[in-house]
Amino acid sequence: MTAPIDISSFRRPPAEVMGLKQIGSIYPTRLSFMRVLLRTAISRGWVFEPAQTDWDEHGFGRAIYRVRDGGRIYCLVAFTQYLDPALRNDRVIAEAWDAAFVLFDGEPSEADLERLAASVPLQEAGRFTASELVLSRANKSVRIFEHAVERLSRGEQPDLGFLLRTGYLMRTTAVYGNGKFGVADRAKVERRPGMMAPFQVEFLTVLLIRQFTVDLAEHVARARGGDRAVGFDPEARRFIGIGNSTGLGMAPFLFNHPALISRWFMARETALARVRAAGDQSEETLLRFRKLLERTCRHFDQWIVDDVAQTAKIAQVKSELSQLADWLDTEDRGGRPLLWNEISEHAEQAFSLDGRQVVFSLVIEPQGALVDDLAEAMSLERAPKLDPSMRVSVLKDILQRDYAWALSVDLDDPAVRAKFWYVSEEKREPRLGDRHHEAGSEKEMPFDIVVTAQSLSRALKQEDEGADIGLLLMERPDLIHVVSRIQTGAVEAYAEIRDNLIGADCLPLDMLRCKLAFFGALKYDPLSDRWLRITLFQGAPHPDELTADNADDWLFPYLGGV
Amino acid sequence: MHVSVNELQMAVAKASTGTGMPVGLAEENAGIAVALAAHGVNAVAAAADVLRSYRNLGREQPIKRVSASHFRFNAGGSSCLPAAWHMPLACLWLCGKVGRWMEIRNVDNILWVAGAVMRASDRLREDLAIISVETEKPLLVCRQGKPLTALETLSDKPEHAFIVRRLAEHDFVAAPAPRMLDRSPAEDGGIAADRDDWNYLLELGDRMLVESSEYSRIHGAGYVA
């Protein structure tokens, strides 16, 4: 048994990690949930069975994808239908999709399949049972799907440039789990071996949907082209990910689950600290790092978006990665005891926020033996409970220590409270309003931590230092929420985004990107400051080609090198 | 119909805020609903009942601080005490310091008191009891968050007034094993709910929705077609 590593001086403090810009700059790592899923698939020997399809020549109908995990079966049931192009909409307000999916826990009976055929295509308007684990839907990326089908039907491969620009055939517009619309609560699966890490059933669903999109395109191509038709070349097939359109609906999750988010960041920061303190510096690992760096440069070369700000970030990171390669070449790295720390420090000192986060992902990547166990610590069975017995003096100290950033904000500045988060009547979609121009701020979601923290601070000043918080909360129930958050942050260090989420300069995209990075998403393609498209599982082996050798080596993939 | 535990939690929290409660208090009520559901109580019906009652009664029932460690809820009040507002707060106070106890009279839903006491017992990791003022016998004992007797029977108790406090030596009851459902609702197909009660919770939650405007459609979601 190896001695525990002292990483305390290497772990970055929350004040350095949890700013909005900081969390909005992170990139996937080997602890991202999609990566964890494929490692689990290998370690538990999951068996992915060939799809059982019942499609017509247009690909409309039903397909079932089975995964066996020991004695347990998970089935993705997919329903495809004709969709009027006028109805194809990525927003949550859509009511019809090209394909609708459900991940069923076990083997569905004929009666189950009939029930699912009636309810799954309805999505939010349907009603589900605890036998269903995840509900999802996807739309075709019409141009690329049709292009791929047409080419394959003629015995040709899709144009790689075209494929490169989009990167997927279909994109999901929602993936619902944990009890939504009656599907099973996470509690049903959270103790199952292989499903303990966050979002594993959701990403099993997405992995199977990705396989489905490729199968569907090849099926339609065969129906159209007959004997002339071919399947995707392995390289193109591997490069095809699954797209996702993500809007503000994802942002509240980060705020509403502070303890869970803290676990995610704690695992990530601990991984980085372990590597900085004691990462393997063998020749083999160094070589792997250099190859990864090279691969990442290619990945960034192939990352093309319309958004001007994102394009500038991509260019900046490309330049920084090139600088890092030069720096590694020119400096004598031999015999230095803390090479990974040196590289990280160099990135922290010389690179943009995005650049340094890419480097962090890269230094962690070759160190699986040192960090992969942390994935198990990223879930949370029970959030910390509010402690009414805490003394006023103790809460005051915590508030001063952890919320100085909020207490120092000038609430009289109109820009500080310029925005408010709310849920719109229109299909219950979270939105960000302009407090000074829109009605409804009295119904805002409690993202105004800068306001409530200051309110608490004022209230605490009126209380006896030795009094308990329970007494205060009985008089001031409006403070329960902020007290609970502050106490949570005292035990879960990375619980709070340390920025004003209602300020004029709050960029929701940062929150979305943060969560997506933990998922393992790549190729962020912002369509506005609160809406983006991303690619999932790009470069990952498909279930039918998954092996121990390829399951865990697809960070920052590029077309031509996967 | 059946709802998931997560749906119950979200619905009660939203419905509570829809009645005008602060978010933290609404979340406490959601926790009470989940605790009740985990022990076989029709939590959707109970939540609908207490929130309906709270909307009718308001929160202004008399509360008397008899001493530093003793509160009397609904002291001399003629109307019902709304559990949804007072019980989460009372139990936070109860957990604040050892030795505290409270009297509760004419509460609208004793199951909600039980749920709040279960949560308090869980917070404290101690035994708490609901004791009849009239008979001085425990109506319910909670051990580290779990009721030792069937919660459903509480609804049949005629007691008008009772005390909530930490379990004393002389309160000891020959307790059966903590009563839990064989499987949690999450593992067992969800929570049975009456559709009307459920819809009532959803309607209350909908009061927090903000009407869409053209401005919000364009700017609020930030969607670019």
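Nothing here was measured: the structure is a model prediction, and the numbers come from that model. In what follows, chains carry the letters A, B, and so on, assigned in the order in which the sequence lines appear, proteins first and then strands, with residues in each chain numbered from 1.
Between atom CD of residue B:E211 and atom NZ of residue A:K443 there is a gap of 8.5 Å, rounded to the nearest 0.5 Å. Atom CE of residue B:M208 and atom CD of residue A:E442 lie 8.0 Å apart, to the nearest 0.5 angstrom. We find the CD-CG distance between A:E475 and B:L89 to be 9.5 Å, quoted to the nearest 0.5 Å. If you take OG on B:S212 and CD on A:E438, they are separated by 9.5 Å, rounding to the nearest 0.5 Å. In this structure, the separation between OG on A:S484 and CD on B:E28 is 7.5 Å, given to the nearest 0.5 Å. Note that CG of A:D185 is 5.5 Å distant from CG of B:N6, once rounded to the nearest 0.5 Å.
With a threshold of 4.5 angstrom between heavy atoms, A:R382 approaches chain B through side-chain atoms but not through N, CA, C or O. For A:V183, the part lying near chain B is the backbone, with the side chain staying farther off; criterion is any non-hydrogen pair under 4.5 Å. Looking at B:R65, the atoms closer than 4.5 Å to chain A (heavy atoms on both sides) all sit in the side chain, from C-beta outward. Contacts between A:A439 and chain B at a heavy-atom distance below 4.5 Å involve the backbone alone (N, CA, C, O). Of the two parts of A:T129, neither the backbone nor the side chain holds a non-hydrogen atom closer than 4.5 Å to a non-hydrogen atom of chain B. No part of B:M21 comes within reach of chain A, as not one of its non-hydrogen atoms sits under 4.5 angstrom from that chain. When heavy atoms are compared at a cutoff of 4.5 Å, A:R391 approaches chain B solely by way of its side chain, counted from C-beta outward. Neither the backbone nor the side chain of B:R119 comes within contact range of chain A; no heavy atom of the residue lies under 4.5 Å from a heavy atom of that chain.
No more than 12 heavy atoms of other residues, nucleotides or ligands sit less than 6.0 Å from atom CE of B:M10. For B:R125, the CZ atom counts as densely surrounded, since its 6.0 Å shell holds more than 12 non-hydrogen atoms of other residues, nucleotides or ligands. The neighbour count for A:R143 CZ, taken as heavy atoms of other residues, nucleotides or ligands under 6.0 Å away, does not exceed 12. The environment of A:H436 atom NE2 is dense: over 12 non-hydrogen atoms of other residues, nucleotides or ligands sit within 6.0 angstrom.
Put simply, the side chain of A:R428 reaches to within 4.5 Å of the side chain of B:L209, judged on heavy atoms. Proximity of A:L386 to B:E27: side-chain heavy atoms (C-beta onward) are nowhere separated by under 4.5 Å. Counting only heavy atoms from C-beta outward, the side chains of B:S4 and A:F128 never approach each other to under 4.5 Å.
Shown here for B:P22 and A:P477, the closest heavy-atom pair between the two residues is CB-O, 3.8 Å.
Per-residue counts of heavy-atom pairs under 4.5 Å with chain B were compared for A:V483, A:L479, A:D478; the largest is that of A:D478. Comparing A:V482, A:L471, A:D434, A:I469 by how many heavy-atom pairs each has under 4.5 Å with chain B, the most go to A:L471.
Using a 4.0 Å cut-off between charged side-chain N and carboxylate O, A:R127 and B:E7 make a salt bridge.
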